[in-house]
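Down below is the structure, laid out as structure tokens.
All heavy atoms count here, side chains included; hydrogens, waters and symmetry mates do not. These numbers come from a predicted model, not from an experiment.
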Amino acid sequence: MESGPAIFAGAVFALFGAGLLAWTGARLWRGEPVGLGVNRIASAALAGMAGTVALALGGYCLTRL
């Protein structure tokens, strides 16, 4: 019974993390700012860490089935 919510949460975290990392990489590749009005390096690092943590949480949820 508990595997349904774990699959859903894992998929949501994994998709969000992968999407955030892809979006951050695309913004950096084009030379565009990741966050408006924020230091480019700091915003890229924070977005990269958030994407990595979300992807790791998704992997954790999916392996705990």
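- Listed by first and then second residue, the salt bridge (charged side-chain N to carboxylate O under 4.0 Å, His left out) pairs involving residues 48-62 amount to none (not counting sequence neighbours).
- Residue L46 belongs to a hydrophobic cluster whose other members are M49, with links defined by side-chain heavy atoms closer than 4.5 Å.
- Hydrophobic cluster of L55: the remaining members, joined at side-chain heavy-atom separations below 4.5 Å, are L21, listed by chain and number.
- Apart from F13 itself, the hydrophobic cluster it occupies contains V53, L57, where clustering links Ile, Leu, Val, Met, Phe, Trp and Tyr at side-chain heavy-atom distances under 4.5 Å.
- Listed by first and then second residue, the side chain to side chain donor-acceptor pair (under 3.5 Å) pairs involving residues 41-65 amount to none (not counting sequence neighbours).
- By the rule that hydrophobic residues join a cluster once side-chain heavy atoms approach within less than 4.5 Å of another member, F16 and W23 end up as members of one cluster.
- Residue pairs meeting the side chain to side chain donor-acceptor pair (under 3.5 Å) criterion with at least one member in residues 29-41, sequence neighbours excluded, are R27-E32.
- Not counting sequence neighbours, the partners of T24 by the side chain to side chain contact (heavy atoms under 4.5 Å, CB included) test are L20, L28, V34, A47.
- Closest approach of C61 to G10, counting heavy atoms only: CB-CA, 3.6 Å.
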